[in-house]
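Here is the naming used below: chain letters follow the sequence lines, and residue numbers restart at 1 for every chain.
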Number of protein chains: 2
Amino acid sequence: MRNIKEIAQLSGVSKSTVSRVISGSGYASQEARDKVLKVIQELQYKPNAVARAMVSQRTHNIGVLIYRREYPVASHPFYGKILDAILASASSMNYSVFVTTDHEMSLRSADFMLEKRVDGLILISRLEQNVIDHIGKFGVPYIMVNGSTDVPGVIHIVNRDQNGGLEAARHLSGLGHRRIFMLAGPQSHRSHHLRLEGFRAYMNGQRAEFGDSDIAYLLASTFEEGYRMMKEHWEHFRSRSYTAVFGTNDMIALGAMKFLMEHSVSVPGQVAVMGFDDNDVASILTPSLTTVRVDTEKMGRLACVMLDKLIRHEPVEETAVELEPQLVIRDSTRRF
Amino acid sequence: MRNIKEIAQLSGVSKSTVSRVISGSGYASQEARDKVLKVIQELQYKPNAVARAMVSQRTHNIGVLIYRREYPVASHPFYGKILDAILASASSMNYSVFVTTDHEMSLRSADFMLEKRVDGLILISRLEQNVIDHIGKFGVPYIMVNGSTDVPGVIHIVNRDQNGGLEAARHLSGLGHRRIFMLAGPQSHRSHHLRLEGFRAYMNGQRAEFGDSDIAYLLASTFEEGYRMMKEHWEHFRSRSYTAVFGTNDMIALGAMKFLMEHSVSVPGQVAVMGFDDNDVASILTPSLTTVRVDTEKMGRLACVMLDKLIRHEPVEETAVELEPQLVIRDSTRRF
DNA sequence: TTTCTCTGTGAGACCGTTCCCATATGAGAT
DNA sequence: ATCTCATATGGGAACGGTCTCACAGAGAAA
């Protein structure tokens, strides 16, 4: 393969001069510059990033680690969106991105990145303490996005889920709904937990009746599980004459909505359905889903910008960024 | 940072011996082996992949390049699936994956990968000739997945779209549908073109009436465009009393279905709707969408396996792999 | 004239590995 | 006794860049 030495010989200068021309720093006469650039152009020479990384101790690569038990991961309607945003931002900042997905939270996939000497790491979704400790030991800067653990000192970007839950409750209450059934995703996951808490806080604040019997706890935050739990609680649901369902994410809500529609329950005519996240499917469905929007685009962008600062040892103002979610009213909810 | 030299000093051997212990090749006494491994364990030493790549001229990285004009890319219900499969396969084969998405087909993003010296490249979606030429010049092995161009010699993996289109026609005809309206995605794209051709071939073979007036050509293969074109042809649709709609992908079909349902047309009661791809949304919707399944999982896996062969200079049997699609009958179609 | 500064250039160390080669030792064959 | 051969080890070049440093010439300031 072509290298800088070959360019140097062909243009009749030393490799030092070639290096200077390429980097643009240091002195190089116009004459030398022209000769070198001409040869580079002719040979279609591209500097070897591996060698560069070797000496500069900077790879200009960042790693994105997504842990998720269920498929899909990259094409996941929520995590995939964050990934998309990261890819776009990173590219505009001249970083290349290693993407690793894993189903168990093993140290292996973390090591995979660490060996490759990435400049920084973006960790998406919940992470266990030992993985964080492991990564921390390496001195590689990292940022957590939408993580579950509140490890002190770890820089993380999250959605203000509690507020979102509160907004959802306010919206449904405002429409006149008094009996609301909640499908709550795994409470070990920060988002689902806080969304429930926010919702509960509003209801309690309003002295509205909302207690443990109004909540179904799901084992997964999937469409199937939403459908399954709606089915399982169907008798209960009818006997208590609920008029609304709130799922702690869109897929859950969509699963519930599918069950309802299969049982000829009109949405939103008889029962209003509301989700959280605002993924692409939410707006596509008939009826389109009222939801609380999480700004995944900003999450990804901020993650890149902040990680870049960490990498360049610039000061980072905040250790925790919380993004405000936004109520998106569509067709699946209406005044009761 | 820790390096092999430091390990050598601490274990009282030369760096050559340490290298041998780590790689497992060459001679090393049990005694030396133990000492070295102990130090490695204590220091949590990980060999530097950048330095390794430097001398071995193998990075164990592959690049995935996805060009797509519209958002989303990574989270796209079809391309995202392929990406997911690639990530899983690559990881099990000990490759790390660079993911790059781009909206225009620029040489820049290709260069981005080439400079980083990936061992191989997987190109997803349509690629223009100049980009292919550019990459070809570098001698980096590459594979095209679901590409549009039939460049001779380029190894590619595609779905047998023509057969799929044919199966779709056979299915709808078999159900008794005689008047079928087709929403055809951009014909510059191989898949959409062949799906239409396969469909047309079956219809003509059956001497069924299916002509140009039964086809609407879309500008994009999106949900919105499917909706828009269904709307635009609504009068035409009704006047010709069509009983079925076939979209050349699921999103198009879903867009059309949304329009129909909004206009109180019962699906599949009055009009049957059929798509192509079988993405996650297709099974979620009510009614669930009858479609033709593309084996994205296998596409991704094969891409990795074949690329690995190319990288290791092993012979690759086929230059073009065509995967057989599979009819998936769900609730959106029924006997007319 | 001498000294200083700016411009321009090349030699060579270095980044962290791998791998080839030289060397050493003890056992078994000749 | 010498010759092989397998085992074991370390020295040092190489991979392809960056960067520091030494040095040289030219013009300006002393």
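Residue-to-nucleotide proximity on DNA chain C shows that, of Ser16(B) and Ala51(B), the 5′-proximal contact is made by Ala51(B).
Dashed line: the shortest gap from a side-chain N or O of Tyr27(B) to OP1 or OP2 of dG10(D) is not under 4.0 Å. At the phosphate of dG10(C), OP1 or OP2 sits under 4.0 Å from a side-chain N or O atom of Thr17(A).
In this view, Ser29(A) satisfies the side chain to side chain donor-acceptor pair (under 3.5 Å) rule with no residue, not counting sequence neighbours. Under the rule for a ring-ring contact (aromatic ring centres under 6.0 Å, His included), the partners of Tyr95(A) that lie at least two apart in sequence or sit in another chain are His60(A). Qualifying side chain to side chain donor-acceptor pair (under 3.5 Å) partners for Arg301(B), counting only residues two or more places apart in sequence or in other chains: Glu297(B). With sequence neighbours left out, Lys298(A) forms a salt bridge (Lys or Arg N to Asp or Glu O under 4.0 Å) with no residue at all.
Among residue pairs with one or both ends in residues 43-62 of chain A, those qualifying as salt bridge (charged side-chain N to carboxylate O under 4.0 Å, His left out) are Arg58(A)-Asp119(A); sequence neighbours excluded.
Classified by interplanar angle (parallel below 30°, tilted 30° to 60°, perpendicular above 60°), the ring pair His76(A)/Phe78(A) is perpendicular.
Protein atom CZ of Arg2(B) is 12 Å distant from nucleotide atom P of dT17(C), rounded to whole Å. Atom-to-atom, NZ of Lys116(B) to P of dG17(D) comes out at 15 Å; the value is rounded to the nearest Å.
Comparing dT18(C), dG12(C), dG16(D) by their closest approach to the side chain of Ile4(B) singles out dT18(C).
Comparing the end axes of the helix from dT1(C)-dA30(D) to dA29(C)-dT2(D), each fitted to five base pairs by superposing C1' atoms of four pairs onto the next four, gives an inter-axis angle of 60° (nearest 10 degrees).
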